[in-house]
Amino acid sequence: MRADAVKGPVPLEVFFDAAPGENVSLPPALERAYGRLSFPVAARPYVIANFVETLDGVVSLGIPGRAGGGPISGANQSDRMVMGLLRAVADAVVVGAGTLRSVPNHIWTHDYIFPPLADEYAQLRSQLGKPPHPLNVIVSSSGALDANYAIFKQTQVPTLVLTTTRGAEEMKSSTLRVDRTALTDAETIPSSDILRALTDRDLGDLVLLEGGPQLMGVFLAERAVDELFLTLAPQVAG
């Protein structure tokens, strides 16, 4: 059956669950679809990462218009359900500028990625005492961002750009009007600076990292990812 013909997510089948920590109380529909979700009691911020890759480790086809995770997963409904769930529990969703450019119409919210469970995601955020949407954080070293990207044209989802000193100068000459913070004089922004910026805004309890590969590599190299939610797509990119 084609993935886009599936009306809803196929409930996940748990083979083994040794995850420690406190259970998140999920609405019944989300619990049926996902099962048990828990996070350990740990020093904050707690960073979770989510991405999809092929069996041979490809995370992007690198083709304009098809560089995101959708073509890798085949727009799989269960994968999207999990993405929505993680966005629903997150305080902030962090993505790199390259990911933003690959999906310029995307907004990193639970209801955007999987509308069929939008009400349940909203109920979950309310139960957790969180605002309607997580903060969308765009990390850009260069500051070269298009004001026409969907995330910058809307007002419902709070958005923050974290950049370098050079990037902040670049943004001064643009028409982009968005909350921004310059973190470093270096060419690459360390994960510690990103997390500190979120903690300073009291938004660092649970941070969801959605990539892309370069930003994910920075976090992994600096051992800043506490938990990885990895989807393996049953295909080989070659």
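Given the structure is predicted, the values throughout are model-derived calculations rather than measurements. Heads up: numbering here begins at 1 and tracks the sequence.
- Sequence neighbours left out, not one pair with a member in residues 228-238 passes salt bridge (Lys or Arg N to Asp or Glu O under 4.0 Å).
- Under the side chain to side chain donor-acceptor pair (under 3.5 Å) criterion, D193 pairs with R196, not counting sequence neighbours.
- Shown here are the side-chain contact (heavy atoms from CB on, under 4.5 Å) partners of T188, two or more places apart in sequence or in another chain: V218.
- With sequence neighbours left out, R166 forms a salt bridge (charged side-chain N to carboxylate O under 4.0 Å, His left out) with E187.
- Taking H133 as the reference, nothing meets the side chain to side chain donor-acceptor pair (under 3.5 Å) condition, with sequence neighbours excluded.
- The salt bridge (charged side-chain N to carboxylate O under 4.0 Å, His left out) check on D17 picks up R36, with sequence neighbours excluded.
- Scored by the salt bridge (charged side-chain N to carboxylate O under 4.0 Å, His left out) test, E227 finds no partners at all (sequence neighbours excluded).
- A donor-acceptor contact under 3.5 angstrom links the side chains of T165 and D185, judged on distance only.
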Contacts table for residues 103-110: side-chain donor-acceptor under 3.5 angstrom, sequence neighbours left out:
| residue | atom | partner | partner atom | Å |
| --- | --- | --- | --- | --- |
| H106 | NE2 | R87 | NH1 | 3.2 |
| H106 | NE2 | R87 | NH2 | 3.1 |
| T109 | OG1 | D111 | OD1 | 2.6 |
| T109 | OG1 | Y112 | N | 3.3 |
| H110 | NE2 | P132 | O | 3.2 |

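- Among residues at least two apart or in separate chains, salt bridge (Lys or Arg N to Asp or Glu O under 4.0 Å) pairs with a member in residues 121-146 are D91-K130.
- By the salt bridge (charged side-chain N to carboxylate O under 4.0 Å, His left out) test, K153 is found to be paired with no residue, residues two or more places apart in sequence or in another chain being considered.
- S192 pairs by the side chain to side chain donor-acceptor pair (under 3.5 Å) definition with nothing, not counting sequence neighbours.
- A 6.0 Å sphere centred on CG of D202 holds no more than 12 heavy atoms belonging to other residues, nucleotides or ligands.
- Residues passing the side-chain contact (heavy atoms from CB on, under 4.5 Å) test with L228, sequence neighbours excluded: A49, F51, L230.
- Atoms CG and CD1, from L162 and I138 in turn, are 9.5 Å apart once rounded to the nearest 0.5 Å.
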